[in-house]
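Here the structure is laid out as structure tokens; the discussion comes afterwards.
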Amino acid sequence: MKFFLAAFVCVGLQLAGHAQVLRLEDAVSIALKNSLDIQVVRNNLQISTLNNNAGIAGALPVVTATGSDNEQTLNLNQTINRRTATGADSIYTIKSSGATSNQLSSGISGSILLFNGMRVTATRKRLAEIEKQSQQYINAQVQNVIAAVMTSYYDIVRQQNYLKTFDQSIEVAQRRLEIIQAQQSVGLANNADLFQSQLDLNNLQQNKVQQQLVIDQAKTGLLTLLTLRPDSTVMISDTILVDKSIVLGTILENISTNPDVIAADEQIRINELIERETA
């Protein structure tokens, strides 16, 4: 499966001039692999996992070490005017270069928390809830990506089926035009009928071109969701499969297992723990 996806991405979709059939399963797999949003929430999960430890909560001892090294280089050029015992003035000149001095100091200190009103316990619980919530965000993002890809994919299928109706209508309009032309050749139709038939055929052909543009735009949107080149040429040949076993009551009963709902419940617990820390 991995080899197929790699070959499909590197060879099939990057050749803009060669169309490849893109199945729904392959589209979902590529989207989950390339989604930047999923990578972001995964990074957030790693951050929350690293933060979920006793050190971040403040339960571990804190050791602080300091050190400094102050080095100076001094150049001196000084002139001193002094009066001797005889009352005469004398001038002394003092010159010194490259006089260095170095002062090194260091210190170390440590502290340990004895008790702060159970705040550490509340903080650790909050960090654990944040880690669980981050995992639910990943599950929710995966579901969102799958839903977006499936919606975009089946919209292309729907638009392509709509395009087939234009093909059938154009075929009927073409036959009608041929009949009117045959009738006109024996004097049974006038120019008004002929012109109207030609206008109807031209309108249908124009609508077909516009519908093809809609399909191309939808394919570009799907390729963007897959984080692939938007100018790649793909073919969508699947049909829309409807799961008739879905029941509204079952969905409502299992709504509590939805990752977004679980993440919202965990956010409530996180806020309660923040209030406990503050108290």
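For the numbers below, each heavy atom of this structure counts, side chains included, while hydrogens, waters and symmetry mates do not.
Across every non-hydrogen atom of A27 and L22, the tightest pair is N-CD1, 4.0 Å. Residue S197 comes nearest to R176 through the heavy atom pair OG-NH1, 2.8 Å, listed as atom of the first residue, atom of the second, then distance. Closest approach of G58 and L113 over heavy atoms only: O-CD2, 3.5 Å. Closest approach of A31 and L225 over heavy atoms only: CB-O, 4.3 Å.
In this structure the side chain of L188 never reaches within 4.5 angstrom of the side chain of Q184, judged on heavy atoms. Between V149 and L222 the shortest side-chain heavy-atom distance falls below 4.5 Å. Contact check for T227 versus K33: no side-chain heavy atoms found under the 4.5 Å cut-off. Residues I130 and N51 have side chains not in contact (no heavy-atom distance under 4.5 Å, counting atoms from C-beta outward). Counting heavy atoms from C-beta outward, N271 and I268 have side chains that stay 4.5 Å or more apart. When side chains are defined from C-beta on, N161 counts as touching K164, because their heavy atoms get closer than 4.5 Å. In this structure, the side chains of Q168 and V172 stay at 4.5 Å or more apart for every pair of heavy atoms. Between R276 and R126 there is no side-chain heavy-atom pair separated by less than 4.5 Å.
Linking Ile, Leu, Val, Met, Phe, Trp and Tyr whenever their side-chain heavy atoms come within less than 4.5 Å puts L223 and L32 in one cluster. Note: the hydrophobic cluster containing L228 also contains I215 (ILVMFWY, side chain heavy atoms under 4.5 Å, direct or indirect links). Residue I262 is not grouped with residue L45 when hydrophobic side chains (ILVMFWY) are merged at heavy-atom distances under 4.5 angstrom, including chains of intermediate members. Cluster annotation: L60 is not connected to V120 through the hydrophobic network of ILVMFWY side chains, with a link wherever side-chain heavy atoms come within less than 4.5 Å. Hydrophobic cluster membership is shared by I30 and I146, with clusters built from Ile, Leu, Val, Met, Phe, Trp and Tyr side chains linked at under 4.5 angstrom.
Residue pairs meeting the ring pair (Phe, Tyr, Trp, His ring centres under 6.0 Å) criterion with at least one member in residues 137-157, sequence neighbours excluded, do not occur. Residue pairs meeting the ring pair (Phe, Tyr, Trp, His ring centres under 6.0 Å) criterion with at least one partner in residues 163-192, sequence neighbours excluded, are Y162-F166.
Between I255 atom CD1 and D260 atom CG the span is 10.0 Å, to the nearest 0.5 Å. The line from CD of Q174 to CD of E171 is 9.5 Å long, rounded to the nearest 0.5 Å. If you take CG on N203 and NZ on K208, they are separated by 15.0 Å, rounding to the nearest 0.5 Å. Atom-to-atom distance recorded for Q212:CD and Q160:CD is 8.0 Å, nearest 0.5 angstrom. How far CG of L226 is from OG of S152: 8.0 Å, rounded to the nearest 0.5 Å. Within the model, atoms OG1 of T49 and NZ of K132 stand 12.5 Å from one another, a figure rounded to the nearest 0.5 Å.
Other residues, nucleotides and ligands contribute more than 12 heavy atoms inside 6.0 Å of the CZ atom of R269.
Residues N202 and Q198 bring no donor and acceptor atom of their side chains to less than 3.5 Å of each other. Defined by atom type and a distance below 3.5 Å, a donor-acceptor pair is missing between the side-chain atoms of S35 and D37.
A salt bridge is absent between K219 and D216; no separation between the charged side-chain nitrogens and carboxylate oxygens falls under 4.0 Å. Taking 4.0 Å as the cut-off between side-chain N and carboxylate O, R23 and D26 count as a salt-bridged pair.
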Go through the steps for N144 and Q141 under the test side chain to side chain contact (heavy atoms under 4.5 Å, CB included), then give the verdict. CA-CA 5 Å; N144 292 337; Q141 189 59 46; 4.2 Å; yes

Please step through side chain to side chain contact (heavy atoms under 4.5 Å, CB included) for the pair N207 and Q211, ending with a clear verdict. CA-CA 6 Å; N207 292 335; Q211 180 61 24; over 6 Å; no

Salt bridge (charged side-chain N to carboxylate O under 4.0 Å, His left out) between R158 and D155, intermediate numbers included: CA-CA 5 Å; R158 180 179 65 85; D155 181 65; 2.6 Å; yes

Could you go through the side chain to side chain contact (heavy atoms under 4.5 Å, CB included) check for Q136 and N139 one step at a time? CA-CA 5 Å; Q136 295 301 326; N139 298 335; 3.7 Å; yes

Side chain to side chain contact (heavy atoms under 4.5 Å, CB included) between V145 and I38: does it pass, once the steps are laid out? CA-CA 8 Å; V145 170; I38 293 179; 3.9 Å; yes

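Using a distance-only test at 3.5 Å, with no hydrogens or angles considered, no donor-acceptor pair links the side chain of N258 to the main chain of N254. Judged by distance alone, the side chain of Q133 and the main-chain N or O of A263 form a donor-acceptor pair under 3.5 Å.
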Validation: residues 100-107 side-chain donor-acceptor distances under 3.5 Å, sequence neighbours left out:
residue	atom	partner	partner atom	Å
S105	OG	S68	OG	2.5

